[in-house]
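Worksheet for the structure shown next.
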Amino acid sequence: MGTHTKAAWHTDHAVAAGEFASGHTHSKEHIMGAVDKAKNKAEELAGKAKEKLGHATGDKDTEAEGRKDQAKGNIKQAGEKVKDTFKD
């Protein structure tokens, strides 16, 4: 263990394993949920950009597709929030 005390060694390795000093752990489900939320937000923002591009260029199909992409991202975000509610 070198110069570390036994308690410090456990703390260091617990942090490396995903625990914080407060005892919270980041489970695979928690991490995957965060990744899913980020993907959903990216889809929503891409849809918003596509909608604006369609509007700026007068392309009604692109504009509508952008609104559809935003709606899909929003629905997926709502699903993640429901899952979060029932996790605990």
Side-chain angles (χ1 to χ4, degrees):
M1 280 189 231
T3 60
H4 280 86
T5 65
K6 189 173 185 177
W9 184 88
H10 285 294
T11 301
D12 289 348
H13 288 82
V15 170
E19 287 185 26
F20 293 99
S22 63
H24 295 288
T25 61
H26 287 286
S27 67
K28 183 177 179 181
E29 292 82 20
H30 180 79
I31 293 168
M32 293 303 296
V35 169
D36 289 341
K37 287 176 187 174
K39 286 180 181 179
N40 298 339
K41 189 64 174 177
E43 183 174 20
E44 179 189 337
L45 293 174
K48 192 173 286 192
K50 190 183 289 186
E51 179 186 14
K52 288 182 183 218
L53 175 65
H55 182 75
T57 61
D59 185 346
K60 297 293 181 189
D61 291 335
T62 300
E63 191 175 352
E65 190 176 323
R67 282 193 299 273
K68 183 176 111 179
D69 291 348
Q70 285 180 72
K72 282 180 10 184
N74 286 331
I75 289 168
K76 290 177 184 178
Q77 286 290 63
E80 289 296 324
K81 288 179 182 179
V82 169
K83 286 195 301 188
D84 288 346
T85 299
F86 290 103
K87 274 184 190 173
D88 298 326

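These numbers come from the heavy atoms of this one structure, side chains and all, not from hydrogens, waters or symmetry mates.
- Among residues two or more places apart in sequence or in another chain, the side-chain contact (heavy atoms from CB on, under 4.5 Å) test is passed with Lys68 by none.
- Contacts of Lys50 classified as side-chain hydrogen bond (donor to acceptor under 3.5 Å, both in side chains), with partners at least two apart in sequence or in another chain: Glu65, Asp69.
- Rounding to the nearest 0.5 Å gives a distance of 5.5 Å between CE of Met32 and CG of Asp36.
- Partners of Lys52 according to the salt bridge (charged side-chain N to carboxylate O under 4.0 Å, His left out) rule, which considers only residues two or more places apart in sequence or in another chain, do not exist here.
- Residues passing the side-chain contact (heavy atoms from CB on, under 4.5 Å) test with Asn74, sequence neighbours excluded: Glu44.
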Given salt bridge (charged side-chain N to carboxylate O under 4.0 Å, His left out), test Glu80 with Lys76 step by step and report yes or no.
CA-CA 6 Å; Glu80 289 296 324; Lys76 290 177 184 178; over 6 Å; no

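- Qualifying salt bridge (charged side-chain N to carboxylate O under 4.0 Å, His left out) partners for Lys39, counting only residues two or more places apart in sequence or in other chains: none.
- Partners of Lys48 under the side-chain hydrogen bond (donor to acceptor under 3.5 Å, both in side chains) rule, at least two apart in sequence or in another chain, do not exist in this structure.
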